[in-house]
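Beneath this line is the structure, given in C-alpha cells, with notes to follow.
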2 protein chains.
Amino acid sequence: MKLTSKGRYAVMALVDLARFDNINPVSLRDISLRQGISLDYLEQIFSKLKKNEIVKSIRGTQGGYVLNKNPNEIKLTNIFHAVDEKVKTVQCKKESKKGCNGKATKCITHNLWDELEIHINTFFENKSLKDLLNNNKETRV
Amino acid sequence: MKLTSKGRYAVMALVDLARFDNINPVSLRDISLRQGISLDYLEQIFSKLKKNEIVKSIRGTQGGYVLNKNPNEIKLTNIFHAVDEKVKTVQCKKESKKGCNGKATKCITHNLWDELEIHINTFFENKSLKDLLNNNKETRV
DNA sequence: AATAAACTTGACCATTTTAGTCGGGTATGT
DNA sequence: ACATACCCGACTAAAATGGTCAAGTTTATT
Ligand code: FES
Ligand code: FES
C-alpha cells in the first residue's frame, strides 16, 4: 500500500507551480531545481497533466507552464487520475462479473476493499491544490 | 497506491479461518482450495501470522491453524503489520531529519502524505476480524 | 537571422518488488 | 508405518517503478 513517486511528484510540482505562476510561466527546469525532481521525469508528468487540462504550456524562451484552472478547482483526485496514480485495492476486475482468481463469486473480502477504496478516494476528493498552498511552506526540521 | 496480494490474502485467509476454527483446526490446504490461494504462498503468510501471535499451529494429521485471539481483538492493523503490508506514503525516511532526496528540509507535500497515512491507518485500526465475519458471505454476482 | 531556452515525443533501461514455486525438511494422529 | 500437515529457506519469472536518452519543434531575445 504505497504511493508512487509519480503521484507524489505531480502534486509537489503543482504546488510549486501554483506558488509562482501568477507572475510568469514556470519552467520545468526551475521546478526540477527547487524540488529536486529529475527534469526528464517531470516532462513525462507534465505531458499528462497537460492532456488532462490541468496545466497549459507556453513554448519558447521564457515559456513554461501555468495552471489551467483555479487551485481550488484542482482536486487531488484530478491530479492522480491524470498521471495514472490510481487507487486499486481489489484484485478482481471491477466491472467484470467474476471475482478474484476467475471465480464466479466475489471473494469474502471484496466488500472490505471496496470500502477502503472509497475511504481513500474521499480523502483525495476533499483536498484541492488550494488547501495545500496555505500553511505548507517547507518546514525546517 | 495499491494493495498487494500478500495483505489481501492474509485477511482473506483469516476470515476463512475464523469461520471454521471453532470446530477443528483448519488446514492451509482447505483454505487454499476454498479461497483459491496457492498453498505454498499461504505457508509463507501463516509463518508470519504465527510469529506475530495471531494464529497458533497444530502439527500432524488433523492439524492446522486456529486463531490465537478473539476475532474482535484482531485489527486489520495487526494483520497488515504481521505480513509487512505497510502503508507508506512519504518518500523520506520517517525518523530521519532529512526530507526527500536527502534535502535538509521536509518537502512541501510532506504534511499532506502524513495526513493521508493517518487517514488510511485509521481505517485499518477500526476494523477487526469480527467486523468481517457478519454479513460477508461470498456474494453471488 | 542566429541562438538559446524551453516544451514535445517516444524509445529505452536498470533496479526493485511482487507473487509466487520448489525442494527439502519435521511432527503427529491413526 | 504412513499420510497429513506444518516448517523453512532458496530461488525465480514477470511486472512495475523510476527513471534516462535522443531527437525533435517553438518562440523570445539579441
Ligand atoms: S477483491 Fe473482488 S473478488 Fe476478490
Ligand atoms: S515526503 Fe517527507 S520530505 Fe518529501
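Both backbone and side-chain heavy atoms feed into the values below; hydrogens, waters and symmetry mates do not. By convention in this document, chain letters (A, B, ...) are assigned in the order of the sequence lines, proteins followed by strands, and residues within each chain are numbered from 1.
Residue order along DNA chain C, read from the 5' end via each residue's closest nucleotide, puts Asp30(A) first among Asp30(A) and Ser38(B). Taking for each of Leu28(B) and Asp40(A) the nucleotide of DNA chain D with the nearest heavy atom, the 5'-most of the two is the partner of Leu28(B).
In this entry the distance linking CG of Leu42(B) with C1' of dA19(C) reads 12 Å, nearest Å. Between the CG atom of Leu39(A) and the C1' atom of dA5(C) there is a distance of 12 Å, given to the nearest Å. When the P atom of dG19(D) is taken as reference, atom CZ of Arg8(A) falls 10 Å away, rounded to whole Å. Counting to the nearest Å, the C1' atom of dA13(D) and the OH atom of Tyr41(B) are 14 Å from each other. Counting to the nearest Å, the C1' atom of dC7(C) and the CZ atom of Phe46(A) are 12 Å from each other. Protein atom CG of Leu3(B) is 15 Å distant from nucleotide atom P of dA16(D), rounded to whole Å. Between the P atom of dT18(C) and the CD1 atom of Ile45(B) lies a distance of 13 Å, rounded to the nearest Å. Straight-line distance from the CD atom of Gln62(B) to the C1' atom of dA27(C): 14 Å, rounded to whole Å.
Below the 3.5 angstrom threshold, one finds a donor paired with an acceptor across the side chain of Arg59(A) and the base of dT25(D). A donor-acceptor contact under 3.5 angstrom links the side-chain atoms of Gln44(A) to the base of dT20(D).
Checking the phosphate oxygens (OP1, OP2) of dA5(D), no side-chain nitrogen or oxygen of Ser57(B) falls inside 4.0 Å. Residue Lys50(B) places at least one side-chain N or O closer than 4.0 Å to OP1 or OP2 of dC7(D). Residue Ser47(B) places no side-chain N or O under 4.0 Å from the OP1 or OP2 atom of dC6(D). Applying the 4.0 Å criterion to OP1 and OP2 of dC7(D), one finds that Tyr65(B) has a side-chain N or O inside that range. Distances shorter than 4.0 Å separate none of the side-chain N or O atoms of Thr61(B) from OP1 or OP2 on dT30(C). Applying the 4.0 Å criterion to OP1 and OP2 of dG19(D), one finds that Tyr9(A) has a side-chain N or O inside that range.
No side-chain donor-acceptor contact under 3.5 Å links Ser128(A) and Glu73(A).
Here Val55(B) lies out of heavy-atom contact (under 4.0 Å) with every strand. If you check every strand for non-hydrogen atoms under 4.0 Å, Lys2(B) touches sugar and phosphate atoms only.
In the set dA19(C), dG18(D), dC7(D), dC7(D) carries the atom at the smallest distance from any side-chain atom of Glu43(B). Which of dG19(D), dC6(D), dA6(C) sits closest to the side chain of Ser5(A) comes down to dG19(D).
By the 30° and 60° cut-offs, the orientation of the rings of His119(B) relative to Phe123(A) is tilted.
Between the side chain of Asp21(A) and the main chain of Leu67(A), a donor-acceptor pair closer than 3.5 Å is present. Counting only distance, with no hydrogens or angles, the side chain of Asp30(A) and the backbone of Val26(A) share no donor-acceptor pair below 3.5 Å. In this structure, Arg8(A) contributes its side chain and Thr89(B) its backbone to a donor-acceptor pair below 3.5 Å.
With salt bridges taken as basic N to acidic carboxylate O contacts below 4.0 Å, one links Asp84(B) and Lys48(B).
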